[in-house]
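To keep things clear, I will list the structure first and then write my remarks on it.
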Amino acid sequence: MNIFRLTADMTHLMSVIVLLLKIHTIKSCAGISLKTQELYAIVFTCRYLDIFTDFISFYNTIMKVIFLWTSFSIVWYMRYHKIVRRSYDKDQDTFRHVFLMLPCLVLALLINERFTFKEVMWTFSFYLEAVAILPQLVLLQRTRNIDNLTGQYIFLLGAYRALYILNWIYRYVTEPNYVHWIPWMSGLVQTLLYGDFFYYYFLSWKNNVKLQLPA
Amino acid sequence: VKHDFVKDEL
């Protein structure tokens with residue numbers, strides 16, 4: 001475990017905490033895409049199929065449990081919590097899951113490291129994670145008022161993947177035989193998708209004004 | 001080269 005990887009995981013954890021904070025304290029999920037949250041729940045389910053079969057470390061297992069548990073709770077809150085669900089912008093959040101999931105599944109069936117169920121699901125999870133933010137970014141562009149917690153949530157989520165890239169570079173340099181194209185390429189695509197958002201986030205931070213994306 | 005990679009990342 002290197003510092004980039006640890007910081008990345010902690011940033012990911014913080015993004016989830018920020019979102020849960022918004023849901024728990026403000027009882028609001030305004031500006032948050034349920035589609036993206038559902039895709040994340042699918043991503044972690046498909047990726048962590050090895051949770052009961054391969055023990056890596058206590059840290060690894062605990063983090064997997066946390067990401068699975070929190071992703072499903074967020075979906076539950078947004079769908080079923082009697083107060084939280086009222087703030088969900090259903091009419092604005094119109095992205096269809098199938099348009100993202102189907103191409104990712106086809107790609108995972110075609111390009112994978114081994115053609116087994118677990119391996120294809122693991123690969124699928126990376127392809128899907130790369131694009132899972134798209135419904136959220138579309139919603140963000142449609143929502144004129146982006147509150148601070150939503151902005152911070154998306155910033156932390158983007159930062160988490162950017163830090164993973166530094167981790168991969170570090171591991172490639174320091175560990176022999178560390179080559180892993182599928183997470184690398186999908187991680188790179190994912191980080192690039194945040195590029196535009198990062199630009200406006202830093203602009204609003206620098207000028208100390210409220211974050212707004214151009215229409 | 002095929003690596004039997006330990007999936008230790010999240």
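The chains referred to below are lettered A, B, ... by the order of the sequence lines, with proteins before strands, and numbering in each begins at 1. Keep in mind that this is a model prediction, so the values were computed, not measured.
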A:W168 and B:E9 side chains, donor-acceptor separation under 3.5 Å:
yes

Look at the rings of A:Y178 and A:H180 and say which category their plane angle falls in: under 30° parallel, 30 to 60° tilted, over 60° perpendicular.
tilted

Is the NZ or CZ atom of A:R47 both under 6.0 Å from the centre of the six-membered ring of A:F44 and within 45° of that ring's axis?
no

Would you mind reporting whether A:L105 and A:M101 have side-chain heavy atoms less than 4.5 Å apart?
no

Below 4.5 Å, heavy atoms only, C-beta onward: do A:L149 and A:Y153 meet side chain to side chain?
no

Part of A:E129 within contact of chain B (heavy atom distance under 4.5 Å):
neither

Parallel, tilted or perpendicular for A:W181 and A:W184, by the 30°/60° rule?
perpendicular

Neighbourhood of chain B inside residues 5-25 of chain A, taking heavy atoms under 4.5 Å as contact
A:R5, A:D9

Is the centre of the A:W76 ring less than 6.0 Å from the centre of the A:F72 ring?
no

Go through the atoms of A:N167 and report whether side chain, backbone, both or neither lie under 4.5 Å from a heavy atom of chain B.
side chain

